[in-house]
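This report refers to the structure that appears directly beneath it.
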Amino acid sequence: MNKKITARLLAILLTVIFIFSMTGCGKSSIDSSGETTSDNFTEKNKETNSEDQETTTSEDNSSVAREEQKKFNDFTNEIFTSELVLNILNLHCALAHPENFGIKDYEISLGSFSAEEDTKSYELLDKYIDELADFDYNLLTTEQQLTYDIFKTYATDSKKYKGYRLYNDYMSPLNGMQSYIPTILAEYVFYDEEDIKDYLEILKTFPSFFEDLISFEKEQSEAGFFMPDFEVDKIVDQCQQFIANPDNHYLIDSFNRRIDSIDFLDNNAKELYKSANITQIKESVIPAYEYIISELPKLKGTCKNEGGLANYKNGKEFYELLVRDYTGSDKSVPEIKKMIEDKYKADFNEILGITLKDNTIFDKMSECPVDLSDPTKVLNELKSKIAVDFPTGLDTTFTVNYVPESMEKYTSPAYYILPPIDNLNNNSIYINKSQASESIEDFVTLAHEGFPGHLFQTTYFYSQNPSNIRKLFSFSGYSEGWGTYAEMYSYSLAGTEDTVTRINELNKTYTFAIYCLTDIGINYEGWSYDDTMKFLSGIGLGKEESDTIYETLIEEPALYLAYYVGYLEFMELRATAEEALGDNFSLKAFHTFLLKTGPAQFEIIRDRMETWIDDQKNSEELRNNQAD
């Protein structure tokens, strides 16, 4: 369900840090400016941002306007820093050097799941919305107006979750805290010795954090909102695999590699820290997972609903909130369903037409002319190939890593971990070798995570120097919709024949439609297990695969909609732009507009695109007049 690592609805989400492929981070002492004081990247962009504000055509450059703009920057910077310090993992993942952002002190905390924190979050939302209302919108720069609109809409949407605290599932096999946190810790960069000390302190919080989480699960159980038994079994199995080999645990190996690579400690200090890490793994981390393994099964049999959200009181309403949250679309669930059904039917008819002409087409689908043995090389080649249709991105570095064997079973085929906003060279893509197939799907998965997908989109957007607060928001519909868009685009880059390229595109969207229609059926329309089996068997799926889909969509309602509805929203935007601009439509210019606008709710992007289309028409008219 909705993944919020703390109850504070405006706190940065761990889902911001991870971006997956679905194929197959208190107290603070804040500088009054809240701005970077020494980082070269940020200083450069501060200057750029200042120039942008001065040259924006729509703003009033009077002293009153400048004062209002400064107040708005101060307001968003204060929220940015105050929200980050609520969770140490979020703080570290978002900022390599928090001291440069005025953050001098913070608590080592992973957050809380308590009702008290939930209440505070809504009080804080009300405060933010009231403070937003005090600004004169017309005096803000165009970039600030965009931030204002996104923030206000985000806060207003978040308020609607009030009363649904116990509907949230923080321990699902794919997106649960028990899998998220260790994976982030494996990527925890040691910029200085204080980071190592913080890391070890984080490990010490594991027992209390997971005790708090289990207390939440018990509260859910008593209220009738506990997870189905099959989900408990998966989580317990996942935790058992995680601690199966404590002496050779991947959090020990990854820690040692990071310690060995740093140059600010002598060998004696390194060995002491390695020993301290092993101690905490065995005295804090392992016991915390043993506690989950012990306590969670005690709640089996207390699930009051073996089906989807629709079977809970107000479950359909909660699902509507999830769909809005996950997709960023302002369409209603029935409207989304119709959009998916229309594409589903069109895809089926086109697939049928292709197969009637070539009954061997399915045998060719998995073929991949690209050598996939070196993922880094493939990603660099993708980076070069996309230049014709995408703007020049930031010249940044990345590493390709592999999911630890103990986490493979319940991890996506691949995922991208966002870099700190003040160190854009720290990009990591993880590949799950257990799900690799050496097929065309592995190729497009790399495109999804890398170029022109998440890595490219994220670093390009960050390089535009948006307001820091925008980097806190999680817009899965935009990010995962873009990742899916990148996949669809990349099929044509693999070198397969046109018909094979097209059948792979259709197969991808057709499969997504099946998942999404089933999701809506289970969680919005109240399909039973038998209803679901009837639908899935009717399209040729076997019982084992159908059972997996059924359980996944109960564990992760609305998640697949982020990928597919986000993609369909992008395609709808593209169709609108193509129709409005005709022969003057430029795919590269369109992509540049989307990337510069950045993650947002789709109605806000749609509104900005109207202005962009007018600008494109005016530019073309000017060029024609000059030619005459």
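In this chain, numbering begins with 1 at the start of the sequence shown.
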Whether [Y] and [X] form a salt bridge (side-chain N of Lys/Arg under 4.0 Å from carboxylate O of Asp/Glu) is what I want to check.
{"X": "E350", "Y": "K345", "result": "no"}
{"X": "D233", "Y": "K300", "result": "yes"}
{"X": "K364", "Y": "E367", "result": "no"}
{"X": "K316", "Y": "E525", "result": "no"}
{"X": "K218", "Y": "E295", "result": "yes"}
{"X": "E341", "Y": "K338", "result": "no"}
{"X": "R324", "Y": "D330", "result": "no"}
{"X": "E572", "Y": "K331", "result": "yes"}
{"X": "R608", "Y": "D149", "result": "yes"}

Checklist entry - Would a 4.5 Å heavy-atom cut-off, applied to side chains only, mark D118 and F113 as touching? => result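 When only atoms from C-beta onward are counted, F113 and D118 do not touch, as no gap falls below 4.5 Å.
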
Are more than 12 heavy atoms, taken from residues, nucleotides or ligands other than [X], located less than 6.0 Å from that residue's [atom1] atom?
{"X": "D498", "atom1": "CG", "result": "no"}
{"X": "E408", "atom1": "CD", "result": "yes"}
{"X": "K152", "atom1": "NZ", "result": "no"}

Checklist entry - Between F390 and Y489, does the ring centre distance come in under 6.0 Å? => result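 Yes, the ring centres sit under 6.0 Å apart.
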
Checklist entry - What do you reckon, are the aromatic ring centroids of Y415 and Y430 less than 6.0 Å apart? => result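 Yes, the ring centres sit under 6.0 Å apart.
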
Polar side-chain atom of [X] near backbone of [Y] as donor-acceptor pair, under 3.5 Å:
{"X": "T458", "Y": "L455", "value": "no"}
{"X": "D531", "Y": "S528", "value": "yes"}
{"X": "D442", "Y": "E438", "value": "yes"}
{"X": "S112", "Y": "S114", "value": "yes"}

Next on the checklist: Against Y164, only a single residue in Y312, F318, F225, Y122 fulfils ring-ring contact (aromatic ring centres under 6.0 Å, His included); can you say which?
Outcome noted: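 In the set Y312, F318, F225, Y122, the residue that makes a ring-ring contact (aromatic ring centres under 6.0 Å, His included) with Y164 is F318.
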
Checklist entry - Going by the angle between their ring planes, with limits at 30° and 60°, are Y563 and Y560 parallel, tilted or perpendicular? => result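 Answer is tilted, since the angle falls between 30° and 60°.
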
Checklist entry - Any cation-pi pair here, K471 with Y462, using under 6.0 Å and within 45°? => result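 Output yes; distance and angle both within limits.
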
